[in-house]
Amino acid sequence: EAQKETLGFQTEVKQLLHLMIHSLYSNKEIFLRELISNASDACDKLRYNALENDALYEGQSDLQVTITTDSENNSLTISDTGIGMSRQDVIDHLGTIAKSGTAEFLSQLTGDQKKDSQLIGQFGVGFYSSFIVAEEVEVVTRKAGSASGEGVRWVSKGDGEFTIENVEKAERGTSITLKLKADEKEFSEDFRLRNLIRKYSDHIAVPVLMEKQDFSQPEEGEEPVEKAPEFEAVNEAKALWTRSRTDVKDEEYQEFYKHVSHDFADPLAWSHNKVEGKLEYTSLLYLPGKAPFDLYHREASRGLKLYVQRVFIMDDAEQFLPLYLRFIKGVVDSNDLSLNVSREILQQDPNITSMKSALTKRVLDMLSKLAKNDAEKYQTFWNEFGSVLKEGPGEDFSNKEKIARLLRFASTHNDSDVQNVALAEYVERMQEGQDKIYYLTAENYNTAKSSPHLEIFRKKGIEVLLLADRIDEWLMSHLTEFDGKSFQDVAKGELDLGDTESEEDKKAQEEAAEKVEGMVERVKELLKEQVDDVRVTHRLTESPACVVLNDGEMGEQMRQIMAAAGQ
Ligand code: ADP
Ligand code: MG
């Protein structure tokens, strides 16, 4: 066990390392944020595990991160007193990528640096970003509670393999030393590091310590004395959500988002609230600007980071938001829950149900506000997450109307596939006498746009919503009315144009119908096995005929979804 072995990185790690070093170079300083973020997570985990087993502190309960530099050797060390890693942990976490969909993600990379750096950001950069600035990285770690001989030393140049061996380590926790590349000396400079810590890690709740600068000059004739180094916290070291809203700058909210979400880009919006009364909790909810690469993976992580009285309890607490808001990131800190709360308990606690409905309302309000105040940002949100929000009316009956106001559709009004028409706008543009909201679903936008069903609507200047997302038929089966108007699929049933038709129109239609009665009979005879009925229609103004579904019949999209599901 103790002997040294050389192991290869998983293929995906090799690819990711290579890409990261090249595409994130212009952002290289973020490695420090990532390492401090990991150190802080490790401290959180230790505090949580020590709730049940105090011995894990090994008599030393200070949780902190210490940064030291060695300018002679051009190196930098980030140490923490967190949970540490066992030999197997090291192999698992610092040699492989466990996320599902990684291969698929890597195959999307293009070689275009700008695009790739965005994608890598969505994927999360993490520990491996140290190789952007380091020619060699050494990790020395020991899991809290294990014997001092069970320390582990991991070394790699980031070129495909690493060595691992057991070493003595007196203190628990992890120490990461970066041997900086020759032209990255700046990261061993005290002043530069302090600035970076304040910029990226001010919000981290554990103190990040650096050696105090000693500017005192020895008195004339006096021998300089070796003093033990003194350390001071460089960051604010206060959990950001416990501070008052007016105290926190936008940049701080943004950096904190990157820590909790492992995202690389800025969030679009956030909502920070303290609730007092019967239930007491603080929530800080973020709306990401970019969908993660695994948004549609079943196993993708979702949910909030849960704290109880400032103590970290778990990641991905899914019980606080409905599924259709799974893109929201953030923190909830409760004063009422017990410190040993588990996922099972969360599922059954009626207080969680009421927190869930309050948090849901917060998110919907945040979205409404964004839609109202910043249409452009809202559109960005919609393009990324709209199809997830469309699950809402089916999942959350009580907020149906609110969600409906947030929906955006492509429509014949704009003649573009961009989904940017709100139902309220549609209603405002409705024709005199029109009492329904018309829509059409199809496999894709182009098929919808060129459907013969639209002919009569185009002629009359009546707007029709064009729906082509996989989820749309499901959505429309739950969305029955908006603002007192019902929805009508223009491809289904008898066409009812309300009072938009004049008496003359109707008379002309009847006359036309009489003229072709004989032909209708003949077509019926010909198609009798394949169709329910053949009717004269005034839907069409140019095409000679079209297929229509009965009201309540499953649409083409739904049929395909059911068929795919083996039904
Ligand atoms: P992420 O933080 O998104 O999980 P990282 O690449 O940053 O991804 O880290 C990978 C894993 O390595 C972490 O999830 C953690 O298990 C482990 N790890 C990294 N740094 C530390 C540390 N300082 N202490 C303990 N474990 C760590
Ligand atoms: Mg990390």
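Whatever order the structure lists them in is the order used to number ligands and atoms, beginning at 1. All residue numbers refer to positions in the sequence shown, counting from 1.
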Inset, instruction - Please step through side chain to side chain contact (heavy atoms under 4.5 Å, CB included) for the pair Thr282 and Val275, ending with a clear verdict. - result: CA-CA 6 Å; Thr282 302; Val275 176; over 6 Å; no
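In summary, the aromatic rings of Tyr324 and Trp474 are positioned with their centroids too far apart to meet the 6.0 Å limit. Checked against the 6.0 Å centroid threshold, Phe187 and Phe31 count as a close aromatic pair.
For atom 20 (N) of ligand 1, the nearest protein heavy atom is under 4.0 Å away. Under the 4.0 Å distance rule, the nearest protein heavy atom to atom 13 (C) of ligand 1 falls outside the cut-off. Within a 4.0 Å radius of atom 8 (O) of ligand 1, the protein contributes no non-hydrogen atoms.
The contact set between ligand 1 and Gly126, taken as ligand atoms under 4.0 Å from a residue heavy atom, comprises 5 (P), 6 (O), 7 (O). When each atom of ligand 1 is checked for a heavy atom of Phe127 under 4.0 Å away, the hits are 5 (P), 6 (O), 7 (O). Residue His262 approaches ligand 1 through these ligand atoms, each under 4.0 Å from one of its heavy atoms: 1 (P), 2 (O), 3 (O).
Taking only nitrogen or oxygen atoms, main chain and side chain alike, Asn38 reaches within less than 3.5 Å of ligand 1. Annotation: Tyr128 places no N or O atom under 3.5 Å from an N or O atom of ligand 1; distance criterion only.
The proximity of Asp80 to ligand 1, defined as any non-hydrogen pair under 4.0 Å, is limited to the side chain. The residue Glu34 has no part lying near ligand 1, judged by heavy-atom distances below 4.0 Å.
Taking the six-membered ring where tryptophan is involved, the planes of Tyr378 and Phe381 are tilted, since the angle between them lies from 30° to 60°. Ring geometry for Phe312 versus Tyr48: interplanar angle over 60°, hence perpendicular rather than tilted (30 to 60°). Ring geometry, Tyr286 versus Phe256: the interplanar angle falls from 30° to 60°, so the pair is classed tilted.
Note: Asp315 CG to Lys305 NZ = 4.0 Å, rounded to the nearest 0.5 Å.
Taking backbone and side chain together, Asn38 holds an N, O or S atom under 2.8 Å from the Mg ion (ligand 2).
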